[in-house]
Undergrad: 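This is the structure I want to talk about, given as structure tokens.
A note on names: the letters A, B, ... follow the listed sequences, proteins ahead of strands, and every chain is numbered from 1. None of these values were measured; they are calculated from a predicted model.
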Amino acid sequence: MIEIQRLRTQTDQIIKALAKKDIDPAPLVEQAIAYDTERRSLQTTLQNQRASLNDLSRQIGQALKEKDSLRADTLRQQTQALKDSIQQLEKQLQEVEAKLEEVLIRLPNPPHDSVPEGRSAAENVVVFQSERPLLSAEGRLPHWEIAEKRGLIDFARGAKVSGSGFPFYVGDGAKLQRALIQFFLDEAEKAGYLEMEPPFLVNTDTAFGTGQLPDKDAQMYYVPLDELYLIPTAEVPLTNYYRDEILEEAQLPIKLCGYSPCFRREAGSYGKDVRGLNRLHQFDKVEIVQIVQPERSYEVLEAMREYVQGLVDKLELAYRTVLLCGGDMSFASAKTYDVEAWSPAQQRWLEVSSVSNFETFQSYRMKLRYRKGKSTELVHTLNGSALALPRIVAALLETHQMPDGRIRVPAVLQPYLQKAYL
RNA sequence: GGAGAGAUGCCGGAGUGGUCGAACGGGCCUGACUUGAAAUCAGGUAGCCUGCGUUGAGUAGGCUCGGGGGUUCGAAUCCCUCUCUCUCCGCCA
């Protein structure tokens, strides 16, 4: 959500930036500003009347103290008209505020200046590619076949027990999940992130805080009886950890990491893109989150991106990083990099991480600020997958497949798995 | 799930209808004393919104004592409701 004060003072820049997200922002922005003007005028009138009423109340108190009940009664009679008027103004103000909120909520985060224009993924910009060769499909089974064949993943029984998109990981397959999670957490800790195990279900305020509500509510599983959402990513509980708080500047940067299963409805997905591990309803992920001073957030974004690239590299996978164009970015992000691993059998890139700077989009919703001198300022929040498991496993199974069908375990995982081959 | 108690500023803790945004204590900040420090003394120490001013100098007003609603000229104080915490019982990994 964009700060209304910013929208008021930097209207043109914001409209220009928003246009990159492939929407026509001007009507919404103008509407917001109109509601804001109305809101402020109502508020001023209301506050003046409240001040008068407060003054009358004080006088009544004074009169009663002096046992002058006659004067008190006279004053009391003057209050009714004010009270009626105040009540009416309050109602009007509430209505305008609701309308303003409704419009503000529909405005996405304006992209950063460095975000390229473009409408779809085709216009994303490759900013880095590793030097590892892009292996051919020849002689390689796609991960869903090799995984079934070696008894690492059971898609069919997962579908029986829960539905499509809920695989069982079996034996070494399950151990590989555990190894990856632990490897990612250990790496994050070395990089200075504090490990957290977050709740996997969150309330509506939390889902609103990071921007999942109201925009993406169809993406989340919901438990109506308890009004709780299953998290689509650990970003949601981790970023909301400090919601509604004022941090001391010395606490920053705050660096959190956490493992969680992630639940996504993925309604409407189908076809080859969702085959095997490409897209699941439940998957494992380690997430990293940073809460930083605004002036540092873009250098932190680069550091996080490099950190994530390093992880993929340590798993001995070919990868590249793309800078998302305006039209392909999420609603809440100001700038996003996707890190993609090469899938030899599918001959395509798989998104294994998304690293984003949200600037104040989330902190404004969450009222997350830090003390800066005499006043307070909204922090910038960032997050990134480090990493999401399924597509990493897919790339791993395809890349490290041996001619005899065995899977070579990358050196960094061998201490966790206690084996060189699966 | 049942019964009871509670939620106040950075922390502890008072306050049961009238200058209460809030006593008192602690912490922290500034200043004085000191060669320096401690001790002592004095002052300061919440956030949000709006107007004017400034462009992070302020100033006037409004709102906020867990959240929401109500009673009243007036509520931290009374009523309703929700959330959370604690104690006891039940259940349970």
Side-chain angles (χ1 to χ4, degrees), chain A residues 1-11 13 32-101 104 197 199-209 213 223-229 237 240-252 293-295 360 362-380:
Chain A
M1 201 151 78
I2 307 171
E3 299 135 81
I4 183 64
Q5 294 89 338
R6 222 178 104 209
L7 202 60
R8 207 188 295 148
T9 53
Q10 304 170 26
T11 315
Q13 291 115 286
I33 288 177
Y35 283 140
D36 179 52
T37 307
E38 193 184 343
R39 175 192 133 245
R40 284 184 295 151
S41 135
L42 273 172
Q43 193 180 18
T44 304
T45 318
L46 173 65
Q47 287 181 353
N48 287 338
Q49 296 195 3
R50 271 213 262 252
S52 306
L53 185 61
N54 287 345
D55 189 51
L56 277 176
S57 291
R58 266 189 289 266
Q59 290 185 46
I60 291 170
Q62 190 61 32
L64 289 176
K65 211 173 190 176
E66 291 162 9
K67 308 270 190 227
D68 189 347
S69 60
L70 192 69
R71 185 155 67 93
D73 282 342
T74 314
L75 289 166
R76 229 192 291 264
Q77 279 162 22
Q78 295 173 36
T79 61
Q80 195 53 49
L82 263 179
K83 280 188 75 175
D84 290 347
S85 167
I86 285 173
Q87 205 165 32
Q88 203 182 336
L89 283 168
E90 277 174 343
K91 202 177 150 216
Q92 287 176 33
L93 184 63
Q94 252 174 27
E95 281 167 13
V96 174
E97 280 175 342
K99 284 189 207 161
L100 175 61
E101 165 114 351
L104 282 180
E197 183 175 301
F200 301 155
L201 282 80
V202 295
N203 59 32
T204 48
D205 284 348
T206 298
F208 177 81
L213 288 181
V223 184
L225 201 56
D226 299 290
E227 293 183 70
L228 292 171
Y229 293 87
N240 273 279
Y241 185 70
Y242 288 108
R243 168 156 53 83
D244 250 321
E245 296 192 28
I246 299 173
L247 304 166
E248 297 303 324
E249 190 164 13
Q251 288 178 265
L252 303 177
Q293 291 102 318
E295 57 273 21
T360 57
Q362 295 180 328
S363 60
Y364 183 56
R365 294 171 157 236
M366 290 192 296
K367 297 185 175 51
L368 173 51
R369 316 178 289 276
Y370 76 104
R371 217 172 279 287
K372 189 179 188 189
K374 282 183 181 172
S375 69
T376 63
E377 193 168 295
L378 294 170
V379 297
H380 280 194

Undergrad: Can you find a side-chain donor-acceptor pair between A/Thr206 and A/Asn203 that sits under 3.5 Å?
TA: yes

Undergrad: So, do A/Leu93 and A/Arg39 sit near enough that their side-chain heavy atoms are less than 4.5 Å apart?
TA: yes

Undergrad: Say you pick atom P in B/A14 and the same atom in B/G6; how far apart are they, in whole Å?
TA: 12 Å

Undergrad: When all nucleic acid strands are considered with a 4.0 Å heavy-atom cut-off, which category describes A/Lys65: base, sugar-phosphate, or nothing?
TA: nothing

Undergrad: May I ask you to evaluate whether A/Arg371 reaches the phosphate of B/G47, defined as a side-chain N or O under 4.0 Å from OP1 or OP2?
TA: yes

Undergrad: Counting any heavy atom closer than 4.0 Å, what does A/Ser57 reach on the DNA or RNA strands: base, sugar-phosphate only, or nothing?
TA: base

Undergrad: Give one of base, sugar-phosphate or nothing for A/Arg8, where a contact means two heavy atoms less than 4.0 Å apart.
TA: sugar-phosphate

Undergrad: Any salt bridge (charged side-chain N to carboxylate O under 4.0 Å, His left out) involving residues 82-92 of chain A? Give me the pairs, sequence neighbours left out, ordered by first then second residue.
TA: A/Arg50-A/Glu90

Undergrad: Could you check A/Lys372 against A/Gln47 and say which one's nearest nucleotide on RNA chain B is further toward the 5' end?
TA: A/Lys372

Undergrad: What contact category does A/Ile60 fall into here, base, sugar-phosphate, or nothing, at under 4.0 angstrom with non-hydrogen atoms?
TA: base

Undergrad: At less than 4.0 Å, is any side-chain N or O atom of A/Arg39 found next to OP1 or OP2 of B/U50? Yes or no.
TA: yes

Undergrad: Start with the C-alpha gap between A/Glu248 and A/Arg371, add the side-chain angles, then the distance that decides, and say whether salt bridge (charged side-chain N to carboxylate O under 4.0 Å, His left out) holds.
TA: CA-CA 5 Å; A/Glu248 297 303 324; A/Arg371 217 172 279 287; 3.4 Å; yes

Undergrad: Using a heavy-atom cut-off of 4.0 Å across all strands, would you classify A/Arg40 as base, sugar-phosphate, or nothing?
TA: sugar-phosphate

Undergrad: Give a yes/no answer on whether the side chain of A/Lys374 brings an N or O atom under 4.0 Å of OP1 or OP2 in B/G58.
TA: yes

Undergrad: Describe the nucleic acid contact of A/Leu82 in one word from base, sugar-phosphate, nothing, applying a heavy-atom distance below 4.0 Å.
TA: nothing

Undergrad: On RNA chain B, compare the nucleotides closest to A/Gln94 and A/Leu56; which residue's is nearer the 5' end?
TA: A/Gln94

Undergrad: Taking all non-hydrogen atoms of both residues, which atom of A/Leu368 and which atom of A/Tyr242 are closest, and how far apart?
TA: CD1-O, 3.4 Å

Undergrad: State the dot-bracket string of RNA chain B. Criteria: Watson-Crick or G-U wobble, both atom distances under 3.5 angstrom; notation: ( ) intrastrand, [ ] crossing earlier pairs, | interstrand, . unpaired.
TA: ((((((((.[[[..)..(.....]]]((((((.......))))))(((((((.....))))))).[[[[[..)....]]]]])))))))....

Undergrad: Using the side chain to side chain donor-acceptor pair (under 3.5 Å) criterion, which residues pair with A/Arg365? Sequence neighbours excluded.
TA: none

Undergrad: Looking across every strand, which nucleic acid part, if any, lies under 4.0 Å from A/Thr44 by heavy atom: base, sugar-phosphate, or nothing?
TA: sugar-phosphate

Undergrad: Starting at CG of A/Asp244 and ending at C1' of B/A46, how long is that distance when rounded to a whole Å?
TA: 14 Å

Undergrad: Indicate, with a heavy-atom threshold strictly under 4.0 Å, whether A/Leu53 touches base, sugar-phosphate, or nothing.
TA: sugar-phosphate

Undergrad: Roughly, in whole Å, what's the span from CG in A/Asn48 to C1' in B/A60?
TA: 10 Å

Undergrad: Between B/C63 and A/Asn54, is there an OP1 or OP2 to side-chain N/O distance shorter than 4.0 Å?
TA: yes

Undergrad: Closer than 4.0 Å, any side-chain N/O of A/Gln5 to the OP1 or OP2 of B/C49?
TA: yes

